[in-house]
Amino acid sequence: MQCTAKCDCNPGVMQRISLRASSKTGSSKFRQCRKHEVYYPAELVQEAFRGRFYAFMTSCECSAYLIRTDSDRVRFRGAGDAEGIAAMYADLPGRDIVIRDGRGEFHCKRLPPD
């Protein structure tokens, strides 16, 4: 998938970001566009280490993103307008869940085992 965002990221390159969690905030963060930080619950990091993977949508001022956790990183599966990312997310198999943390509710999809 190619990044269609109008930002400073490297179009066509979906980055892999190492999984890590902040013990202070209970959340993790990454920068896809290299301008804005995007957060996700640290619980997803813990789940990935247990072999349970998730997909979620997020966005910054530059673009919307579809992200998937893996055993050691988050993988960007798409970038572009929010409607397109929402359609990609809806097409994924799995069960929608809500994780509540210090930042509020976080919606994601638990993916079936490969």
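Only a predicted model underlies this, so the values are computations on that prediction, with no experimental measurement involved.
- In plain terms, the two heavy atoms of His107 and Tyr89 that are nearest each other are C-OH, 4.4 Å.
- Nearest heavy atoms, Ala55 versus Leu92: CB-CD1, 3.5 Å.
- Counting heavy atoms from C-beta outward, Phe106 and Leu44 have side chains that approach closer than 4.5 Å.
- One distance of note links CG of Leu111 with CZ of Phe53; it measures 9.0 Å at 0.5 Å rounding.
- Distance check, rounded to the nearest 0.5 Å: CZ of Arg75 to CG of Asp70 gives 4.5 Å.
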Problem set entry | Verdict with supporting geometry, Asp91 and Met88, side chain to side chain contact (heavy atoms under 4.5 Å, CB included) | CA-CA 5 Å; Asp91 288 343; Met88 290 172 65; 5.9 Å; no

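- A pairwise comparison of heavy atoms in Cys108 and Ile99 identifies SG-CD1, 3.9 Å as the closest pair.
- Across Tyr65 and Cys60, no two heavy atoms sit closer than the pair OH-SG, 3.6 Å.
- Taking both residues in full, the closest heavy atoms of Ser59 and Ala64 are given as CB-CA, 3.7 Å, listed atom of the first, atom of the second, then distance.
- Asp101 and Tyr40 share no donor-acceptor pair across their side chains, judged by distance under 3.5 Å alone.
- In terms of heavy-atom proximity, Arg52 sits nearest to Thr69 at O-OG1, 4.4 Å.
- With respect to Tyr54, the side chain to side chain donor-acceptor pair (under 3.5 Å) criterion is satisfied by exactly one of Glu47, Glu43, Arg68, Lys109: Glu47.
- Rounded to the nearest 0.5 angstrom, Phe76 CZ and Ile67 CD1 are separated by 4.0 Å.
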